[in-house]
Amino acid sequence: MKNKTYMLPYRFRKCGYGLIIASVLSLVLGVLMANVWEIIPQTHTRFISMVMYLLFFLGIFVIVMTEEKDEDEMIDSIRRRSIAMTAFVAFGIFMGTNLLMSFLHGFRTLYSVSFVSSLVSVLTGNGIANGLRSIDTYIIIYLIIFRISIWKMRIQSKED
């Protein structure tokens, strides 16, 4: 019996790359229309950047969730190792940013080390480390680790 997979078919990868290209083009066109050509007012640039952000990370998510062309047990193993490595990197970023925040505040209070304040910082959008703690960062880190691992595996298999 075949195991159920919750991955998208391989052909969806092109859609993901298309979404990323569309997001970059919308950002460039939005900047040109608002700042250079002055076709649209500056007040609408927030909407353009939000659409770009959503398209970009939707494209990244689609790419992450697609199967490889030749999906097998080795690819599955690489996926699991990439997830574990992403967890280690996320823990390192979490501890590093908390220690940096504590150092910047002179270690007067170590409130930034607590999970609750970190969660509040992420949810409210406050703090220096907000961008490093968002889920988008970890999806991109996973994608980079996974693609490098696949690349190394293919180079090693060509040598053998």
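We use all heavy atoms of the structure for the numbers below, so side chains are in, but hydrogens, waters and symmetry mates are not.
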Are side-chain heavy atoms of [X] and [Y] found at a separation under 4.5 Å?
X	Y	value
Ile75	Met153	yes
Ile20	Leu55	no
Ile63	Tyr17	yes

_Restricting to non-hydrogen atoms, name the atom on Asp70 and the atom on Arg154 that form the minimum distance, rounded to 0.1 Å._
OD1-NH2, 3.9 Å
*asked:* Using a 6.0 Å cut-off, check whether atom CE of Met74 has over 12 heavy atoms from anything other than its own residue.
replied: no
Gap between atom [atom2] of [Y] and atom [atom1] of [X] - 0.5 Å precision:
X	Y	atom1	atom2	result
Arg13	Lys69	CZ	NZ	10.0 Å
Ile150	Ile148	CD1	CD1	11.5 Å
Tyr10	Glu71	OH	CD	11.5 Å
Phe12	Leu19	CZ	CG	11.0 Å
Asp72	Ser77	CG	OG	10.0 Å

*What about Leu29 and Leu54, same hydrophobic cluster or not, with Ile/Leu/Val/Met/Phe/Trp/Tyr joined at side-chain heavy-atom distances under 4.5 Å?*
no
_Is there a path of hydrophobic side-chain contacts, each under 4.5 Å between heavy atoms of I/L/V/M/F/W/Y residues, joining Phe56 to Leu25?_
no
Tell me which donor-acceptor pairs under 3.5 Å the side chains of residues 139-147 have, and how far apart each pair is, sequence neighbours excluded?
from, atom 1, to, atom 2, distance (Å)
Arg147, NH1, Glu68, OE2, 3.1
Arg147, NH2, Glu68, OE2, 2.7

*So, do Phe61 and Phe57 have ring centers that fall under 6.0 Å from each other?*
no
*asked:* Keeping Asp76 on the side-chain end and Arg79 on the backbone end, is there a donor-acceptor pair under 3.5 Å?
replied: no
Could you give the side-chain donor-acceptor pairs of residues 82-93 under 3.5 Å, partners two or more places apart or in another chain?
from, atom 1, to, atom 2, distance (Å)
Ser82, OG, Ile78, O, 2.8
Thr86, OG1, Ser82, O, 2.7

